[in-house]
There are 2 protein chains.
Amino acid sequence: MHAADRPNLGWIASQGRWTGFFSNAALEQIASLAGPLVEVGTRSVVPDGAMRQPVYLVAEGWGYAYHDFPDGRRYVVDVHVPGEIVGVAAACGSRRAPRLGTLTPMTVARLDGAELCRLQASSADMAAGLCRLLAVEQTELTEQMGSLVRHTAYERVAALLLRLYRRVEKRTPTGRTVFACPVSQQVIGDMLGLSVVHVNRSLRRLADDRILHKRASDVEILDAAALRRIGA
Amino acid sequence: MHAADRPNLGWIASQGRWTGFFSNAALEQIASLAGPLVEVGTRSVVPDGAMRQPVYLVAEGWGYAYHDFPDGRRYVVDVHVPGEIVGVAAACGSRRAPRLGTLTPMTVARLDGAELCRLQASSADMAAGLCRLLAVEQTELTEQMGSLVRHTAYERVAALLLRLYRRVEKRTPTGRTVFACPVSQQVIGDMLGLSVVHVNRSLRRLADDRILHKRASDVEILDAAALRRIGA
DNA sequence: CGATGTTTTGATAAGGCTCAACTAAGGTGG
DNA sequence: CCACCTTAGTTGAGCCTTATCAAAACATCG
C-alpha cells in the first residue's frame, strides 16, 4: 500500500479488533474522515500538528502512548498494535491526552478527533459504535488495573504478553505460538510499574520455566496453558 | 426523600459530577428509565436480580465495585461516591461486570442497562452523552493506573484520598477541609494493591507529616498544597 | 455481654529497586 | 573494512519498600 493511499472501507473493515463495534455506515464515515496513510519514522514522536485531538488508525507498525512526569518517571498507558484505533477517548472528552511514540516505523492514517466528535453528535449510528468501543476499552483498562493490583512482577509480565498475544491474534489469527512483539523491556517496565532490571529477570524466569520466550521483536509461547494460569 | 420516590429530573440534574455530560432531554430519558429509590443495607451486596446489566444512580451512601479471584485476592475497581452513576460501561458492552458492595447503607435508583443501551442506539443525544461520560471515566481510570505505576504506597494513598475529595466536592462544594469518606483501610488496600497493614502505616505517616488525617468515616485535609504535590 | 470486623503495633521475610559493570547488536564515519 | 558510538539487554550485590504473620486494642451491634 503506497503512502499516499487513503484507507478505504475494505481495508478498515479488515482490521478486526475494533471494527466490529461499528455499523458499515459508521465505518464509511470514519473512512471518509481519514487522511492519507503516512509513514512515521522509528523512534520519532508522532507530531501533534494542527489538529486538536488527532485519532490514528494504525495500518502497520507498533506505537505506544505515554505520559512524562516532572520527577522523570514515565508511565506508558498502552501499546498500540497494528490494526488498532488510537485516541478515541481523548477525542471524545479527555482533558490531557497522552503523547505518542513509536516502537517500529509505523504507517498511520490520521483523523480529526473534533470531526469525529461532531459526527457522533449527529449520527446515532456512529455514537453507538463509539460507546461500545469506549465501553470495551474501559473493561480492558479495568482488567489491566486488576493485574497491577494483585499480581507479582512475574505474573504481570506474563499477563501483559498474553494480552498482547490476544490482540495480535485478533487481527490476523494464525494459531501459531510465535507472534510479533517489538516492545522493549523499558516500555514493559513503564507499563507495569517495574524497573527494567526486574522486567529482565522476570522474562528470564518465564523462559527458564518454559512458559514463554521473548526475543528482540517477537515472543514464542512455550506453554499456553501455564501462561493462562499465571496471567489469569 | 422517601424510599418509594422515583428520582426526578430536578434531583438528577443536581448531582453535578456526571450530569453535565448529558442534554436535558437525555437526562429526562434517564429519569424515566429509573426505578424507585430503594435502600440497601450495610455490608450486603447489591443483588443482581433479574436485570442483565443494572445501572445504579447513587442517591445516598457509599459503595464499591470489586472482583474476587480464585486465589482469594480481591481487587476493588472503584469506590462509588453519593451522586454518581454506576455501571454504564458494563451496560454498554463490558463482558464480566464487577460485583457491587456497600460501605454504608445506600439509597439507589436502578435502571436496566439493556434499556439504556437501546435508547443509546436510537437517540443521538443520549449516545453523545454516554460517549462523553465513558471518555471521561476512561481518563480517570488512566490517571489512576498512572498512580499505581509510578507512585509509592505513601503517594498512592495520598493521591487516592485527593481524588475522592475532588469527587465529593464536585457534587456538594463546601470549600471545607473535612469531607466524608467511609472507606475502610482494607478497601483502600484492595484498590491500590497494598496490604492493610501498609495502608495503615502510610496513613499514619500522612498524619504525622500533617498532610491529612483519616478518621473512621471522614478525612481532614491539613495541608492541601503538600497533598497536591505528593499526589500529583 | 460476647461476637464480629476494623485499626494498630511489632518482628521478620521477601520482593523489587538501585547502582554499577559488562555484553550484544546496529549504525556511522573514516 | 574497521573503530567507534549508541541503544538494548544481562547479571551481581546490597538496600529499601512492602508483605506476612501474630496479637492486641477498639468499635459496633445484635
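Because only heavy atoms are used, hydrogens play no part in the values below, and waters and symmetry mates are left out as well, while side chains stay in. Reminder, nothing fancy here: chain letters follow the sequence lines and each chain counts from 1.
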In this structure, how many angstroms lie between the P atom of dA19(D) and the CD1 atom of Ile188(B), rounded? 14 Å

Using atom CG of Leu148(B) as one end and atom P of dT18(D) as the other, report the distance to the nearest whole Å. 13 Å

In Val136(A), Ile12(A), Val88(A), the residue satisfying side-chain contact (heavy atoms from CB on, under 4.5 Å) with Trp18(A) is Ile12(A)

Provide, to the nearest angstrom, the distance between the CZ atom belonging to Arg156(B) and the C1' atom belonging to dA19(D). 13 Å

Please give, in whole Å, the distance from dA19(D) C1' to Arg73(B) CZ? 12 Å

Using a cut-off of 4.0 Å on non-hydrogen atoms, how would the nucleic acid contact of Gly193(A) be classed: base, sugar-phosphate, or nothing? sugar-phosphate

Could you give the CG-to-C1' distance, from Leu192(A) to dC17(C), as a whole number of Å? 15 Å

Any protein N or O atoms within reach of nucleotides 9-16 of chain D? Criterion: under 3.5 Å, listing atom names and distances.
from    : atom 1 : to        : atom 2 : distance (Å)
dG9(D)  : OP2    : Gln185(A) : N      : 3.1
dT10(D) : OP2    : Gln185(A) : NE2    : 2.8
dT10(D) : OP2    : Asn200(A) : ND2    : 3.0
dT10(D) : O5'    : Asn200(A) : ND2    : 3.3
dT11(D) : OP2    : Arg204(A) : NE     : 2.6
dG12(D) : N7     : Arg201(A) : NH1    : 3.3
dG12(D) : N7     : Arg201(A) : NH2    : 3.4
dG12(D) : O6     : Arg201(A) : NH2    : 3.3
dA13(D) : N6     : Arg201(A) : NH2    : 3.2

Side chain of His198(A) (C-beta onward), nearest among dC17(C), dT20(D), dT18(D): dC17(C)

Could you give the CG-to-P distance, from Asp190(B) to dA19(D), as a whole number of Å? 11 Å

Students should find that the end-to-end axis angle of the helix from dC1(C)-dG30(D) to dG30(C)-dC1(D), with five pairs defining each axis and rounding to 10 degrees, is 40°

With the threshold set at 4.0 Å, does a side-chain nitrogen-carboxylate oxygen contact exist between Arg205(A) and Asp208(A)? no

Is it true that the side chains of Gln144(B) and Ser147(B) contain a donor and an acceptor less than 3.5 Å apart? no

Expressed in angstrom and rounded to an integer, what is the separation of Asp218(B) atom CG from dT7(C) atom P? 13 Å

Can you confirm whether the side chains of Tyr66(A) and Asp78(A) place a donor and an acceptor under 3.5 Å from each other? no

Only one of Val76(B), Val199(B), Asn200(B), Val196(B) clears side-chain contact (heavy atoms from CB on, under 4.5 Å) with Gln186(B); which? Val196(B)

Below 4.0 angstrom, N of the basic side chain to O of the carboxylate: do Arg167(B) and Glu137(B) qualify? no

Applying ring-ring contact (aromatic ring centres under 6.0 Å, His included), name anything that partners Phe179(B), two or more places apart in sequence or on another chain. Tyr165(B)

Would you check if there is a donor-acceptor pair between the side chains of Glu169(A) and Thr174(A) at a distance under 3.5 Å? yes

Is Arg96(A) salt-bridged to Glu143(B), cutoff N-O under 4.0 Å? yes

Let me know the distance between CZ of Arg205(B) and C1' of dT17(D), rounded to the nearest Å. 10 Å

